[in-house]
Every structure is written in structure tokens, then in C-alpha cells.
Number of protein chains: 2
Amino acid sequence: MARSTIRKAPEIDIDGLLGKFETFLQKKSLKLTSQRRQILEKILEMDKTHFTADDLVDQFRNQRPRVSKATVYRSLSVMVEADILEEHQFGDSYKVYELSEGRPHHDHLICTSCGKILEFFNADMEKLQDKVASSNGFHPTHHSQKIFGICAACWGKGVRS
Amino acid sequence: MARSTIRKAPEIDIDGLLGKFETFLQKKSLKLTSQRRQILEKILEMDKTHFTADDLVDQFRNQRPRVSKATVYRSLSVMVEADILEEHQFGDSYKVYELSEGRPHHDHLICTSCGKILEFFNADMEKLQDKVASSNGFHPTHHSQKIFGICAACWGKGVRS
DNA sequence: CTCGCTGCAAAGTTTTTGCACTTTA
DNA sequence: TAAAGTGCAAAAACTTTGCAGCGAG
């Protein structure tokens, strides 16, 4: 049976990311500002596989000159376009981001008790998705698959919902 | 090969729905108010497989006494709890609802060009999802799978993104 | 007659925008 | 130095809530 896998984010190289970002920005006649660089650094420093815009705003709360909320939001959009970040909408009202750099496509298992997010990749599932799309006349561009449930740890503690 | 299917919503029976709703409300010591009844009626009248809270608010715009926005939102929550409606968060910032009554579980294909939503069900996919969850120690409760792409019609018009 | 429900407007959350000023290329 | 970016505060978009009166059981 094809094994589903959980991976740890590989150690990430800021220079590689910056290079990729710069290439994108140049192509679009956009600029690599100090703020954009700082945001990228904070994303790596935080070392969270998934974070929100607000997590990032928090990082700058006690810093001056502070990077503003508006800039954080604007930069996140640019980074998503640059394929530096992936944007997800899990159950909640806010968006969740993760680095896409060096990380193959994957989907998510979300624990509805503790909020833990596990990543998985299953090749059979990917094939099946393409099959479903094309048999309905769709030309798939991307997908989002989330499986909600109770993780092993919570289940062990007796949580059942 | 297991065929994926697209279904039309079956003709829906208001009395059945109301009955189910009442049973739920009684169990929870909640009340079947005229507004809740009207909202359920409008949902059926609209005859949309997927609708938003705002679609529903619109239905009451030219009616008096008007059913308020707050009541619409509050009722949608109750109906989700009662398993009368399913709530989805597709790519956008607002929630999308659909009747769950009499409709087996299914997932969605979403056209990023025209917004069309197709439903599908694929038994192999469901099995695979359970397998992935349990092999990661998860006890799955539900899932959300969305495949984004260009539908046949848009593709025919030359849309490629 | 007691809770739960309603309408309204106000407040909450997350994200976006207008504008004068600053910075990158 | 021109075009793009920034900070700030205000606005937008969607949803929730406080409260005083209303209505279902």
C-alpha cells in the first residue's frame, strides 16, 4: 500500500528564498524593500509550519520602526503570488499561510480538539482527484483537501468530539 | 472504474424538513418561530443548491415585517446544528450553505472562472481518506475536499486560468 | 408566565484602501 | 527621480452581540 507521509519542514535557506523572491519581484517591476525582507525573516524565525497574518503582525509589535499591519497583509499577497507562500482557509474565519518553498504539495489533517495540523501526501489520492475532475469536464488547477478529526493524542485523552 | 456522479437535488419536502427541525428544537428546548419557518421556506423557494447568508437576507429585503439579518445568521447556525444545512467555506470570505437533508455526502468541483460548483461523490476517494486519516492516528469526523479548475464551458471559451 | 427569540444598531474580526510621505531601483 | 511601497487610520465585508421588548410552549 502506498504510504501517506508526514514530513518535517526541511531546514530552510533564507538566501534561496530571497533569491526566488527577488527574481519574481524584478520580473514584475516590484521592489525588495526592507520590510519585505524583515517579514520573510520573521516567517523563518517563527518556525511555525502554519501561521496567520496576525501571528506575523505580533512579531513586529515591540519593534521600531514597526512594520505595519497593512504592509504585512500586502506582503503576504505578494509572497503568495511569488509562490513563496501557500494560503489556506481552514475551518476558521482567518487565512493560514505556510512556506511553499522546497515543500512538495500536500494536504491536511486537522484535529478539531487541539487544532493540531498534520500534513500528508498520497499519490493515489492525487490521481483520483485528477480523474474525478476530468471525468466531469474540469481542467483542475489546484485543490484543497482537509480531513477533520480527533488526533491520536486527544483521542488518548478521551476526547471524542 | 468507479464513476463519479453529479446529482440534481431531489425534490425537497418542506414538511419532512420542518419535522426534523422541530424534533431537534424540542430536544434542545428551542422554539420553532415564524421567522425560522419563513427562512426554511425561502431556502426552498430560492432553489439554489448553494447560497449565502446574504442571499437569504436579500429574500426578506422587500417584505414586512422583515426578518432581520441577525435572525438569518442566528437561524443558519441553528440549522447547521440541526443537520438541516451544511456549511462550507469555499475560497472566499463568506460562508456557503446547502441543504443536507436527503443528500448524501459529496465534495465539490469549483470553476475559478465562472464560479460554477459541481458536486461529486467517489467511493474510492472516501475510502482512501479514511485510510490516510487512520494511518496517521486520526479518527476522522468529516472532511472537505475542493478541486478548483476551469469548467468545460469556460475552457471551451478559451479561458485557461 | 417563563425563557427563548427578535430587531436594531453597535461592535467584532479579519482584510483592504486612500493618502501623504518615503524608499528602491 | 519616477514608480512602487509604507504607515496610519478609516473603511469594507462578513458576522456576532447587547439589550429591551415580543412570543412560543
Side-chain angles (χ1 to χ4, degrees), chain A residues 18-19 21-42 50-82 84-85 87-97, chain B residues 18-19 21-42 50-82 84-85 87-97:
Chain A
L18 268 176
F21 198 19
E22 260 188 290
T23 305
F24 172 85
L25 293 171
Q26 279 169 14
K27 201 177 311 177
K28 296 271 188 175
S29 318
L30 304 177
K31 292 168 182 174
L32 179 56
T33 61
S34 126
Q35 288 88 336
R36 285 176 182 172
R37 202 187 309 259
Q38 288 178 68
I39 288 170
L40 206 44
E41 280 164 12
K42 287 294 189 194
H50 300 85
F51 61 90
T52 65
D54 205 54
D55 286 338
L56 215 32
V57 171
D58 269 345
Q59 296 291 308
F60 293 105
R61 197 135 291 166
N62 302 311
Q63 180 183 313
R64 68 167 180 303
R66 134 200 293 98
V67 174
S68 74
K69 184 192 299 195
T71 295
V72 167
Y73 276 99
R74 285 187 280 231
S75 297
L76 286 173
S77 300
V78 177
M79 291 178 189
V80 168
E81 280 184 72
I84 297 285
L85 297 179
E87 188 182 78
H88 301 286
Q89 182 103 48
F90 295 130
D92 314 283
S93 58
Y94 46 81
K95 288 173 183 146
V96 175
Y97 297 86
Chain B
L18 268 176
F21 197 21
E22 260 188 290
T23 306
F24 172 85
L25 293 172
Q26 278 169 13
K27 200 176 315 177
K28 298 270 188 177
S29 317
L30 303 177
K31 291 169 182 173
L32 179 57
T33 61
S34 126
Q35 289 89 336
R36 287 176 180 172
R37 201 188 306 262
Q38 286 178 68
I39 287 170
L40 205 44
E41 280 164 12
K42 288 294 187 192
H50 300 84
F51 60 91
T52 64
D54 205 55
D55 287 339
L56 214 34
V57 171
D58 269 344
Q59 297 290 308
F60 293 105
R61 196 135 290 165
N62 303 309
Q63 179 183 311
R64 68 168 178 305
R66 141 202 287 98
V67 173
S68 74
K69 184 191 302 196
T71 296
V72 167
Y73 277 99
R74 285 187 278 231
S75 297
L76 287 174
S77 301
V78 178
M79 291 177 189
V80 168
E81 281 183 73
I84 297 285
L85 296 180
E87 188 182 79
H88 301 286
Q89 181 103 46
F90 294 130
D92 314 284
S93 57
Y94 46 81
K95 288 172 185 147
V96 175
Y97 296 86

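The chains referred to below are lettered A, B, ... by the order of the sequence lines, with proteins before strands, and numbering in each begins at 1.
- Residue-to-nucleotide proximity on DNA chain C shows that, of Ser29(B) and Ser68(B), the 5′-proximal contact is made by Ser29(B).
- What you find for Phe21(A) and Val78(A) is that their closest heavy atoms are CE1-CG1, 3.8 Å.
- Taken from CD1 in Ile84(A) to OG in Ser75(A), the straight-line distance is 12.0 Å, to the nearest 0.5 Å.
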Between Tyr94(A) and Asp54(A), is the side chain to side chain contact (heavy atoms under 4.5 Å, CB included) condition met? List the steps. CA-CA 9 Å; Tyr94(A) 46 81; Asp54(A) 205 54; over 6 Å; no

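- With rounding to whole Å, Asp92(B) atom CG is found 14 Å from dA13(D) atom P.
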Go through the steps to decide whether Leu40(A) and Met79(A) satisfy the test side chain to side chain contact (heavy atoms under 4.5 Å, CB included), and finish with yes or no. CA-CA 9 Å; Leu40(A) 206 44; Met79(A) 291 178 189; 4.2 Å; yes

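- Using a 4.5 Å cut-off on side-chain heavy atoms (C-beta onward), His50(B) and Phe90(B) make contact.
- Nucleotide dC8(D) holds its C1' atom 14 Å from the CD atom of Gln35(A), rounded to whole Å.
- Taking every nucleotide of DNA chain C with any atom under 4.0 Å from a non-hydrogen atom of chain B, the first and last of them, 5' to 3', are dC3(C) to dC8(C).
- Put simply, Arg36(A) has a side-chain N or O that comes within less than 4.0 Å of OP1 or OP2 on dG5(D).
- Going from atom NZ of Lys28(A) over to atom C1' of dG5(D) covers 17 Å, rounded to whole Å.
- Between the P atom of dG5(D) and the CD atom of Glu81(A) lies a distance of 11 Å, rounded to the nearest Å.
- Between Ser77(B) and Arg66(A), it is Arg66(A) whose nearest contact on DNA chain D lies nearer the 5' terminus.
- Looking only at side-chain heavy atoms (C-beta outward), Gln38(A) and Phe60(A) come within less than 4.5 Å of each other.
- Leu76(A) has its side chain within reach of Phe51(A): a pair of non-hydrogen atoms, C-beta onward, lies under 4.5 Å apart.
- At the heavy-atom level, Lys95(A) lies under 4.0 Å from the strands shown only through sugar-phosphate atoms.
- No side-chain heavy atom of Leu56(A) sits less than 4.5 Å from a side-chain heavy atom of Val67(A).
- At a threshold of 4.0 angstrom between heavy atoms, the contacts of Tyr94(A) are confined to the sugar-phosphate backbone, with no base atom among them.
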Decide side chain to side chain contact (heavy atoms under 4.5 Å, CB included) for Leu25(A) and Arg36(A); before the verdict, give the C-alpha distance in whole Å, the side-chain angles of both, and the deciding distance to 0.1 Å. CA-CA 11 Å; Leu25(A) 293 171; Arg36(A) 285 176 182 172; 3.9 Å; yes

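- If you check residues 50-61 of chain A against DNA chain D, you find no residue with a heavy atom closer than 4.0 Å.
- A pairwise comparison of heavy atoms in Val72(B) and Ile39(B) identifies CA-CD1, 3.9 Å as the closest pair.
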Evaluate side chain to side chain contact (heavy atoms under 4.5 Å, CB included) for Arg74(A) paired with Gln35(A), printing each intermediate quantity in order. CA-CA 11 Å; Arg74(A) 285 187 280 231; Gln35(A) 288 88 336; over 6 Å; no

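- Remark: P of dC14(D) and NZ of Lys69(B) are 10 Å apart, rounded to the nearest angstrom.
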Whether each nucleotide of nucleotides 20-25 of chain D has a protein heavy atom under 4.0 Å at its base (B), only at its sugar-phosphate (S) or at neither (-) is summarised, 5' to 3', as ---BBS

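- You'll find that the side chain of Ser93(B) is closest to dC14(D), out of dG18(D), dC14(D), dG7(D).
- Rounded to whole Å, the distance from OH on Tyr73(A) to C1' on dG5(D) is 19 Å.
- To the nearest 0.5 Å, the span separating CG on Leu32(B) from CZ on Arg37(B) amounts to 4.5 Å.
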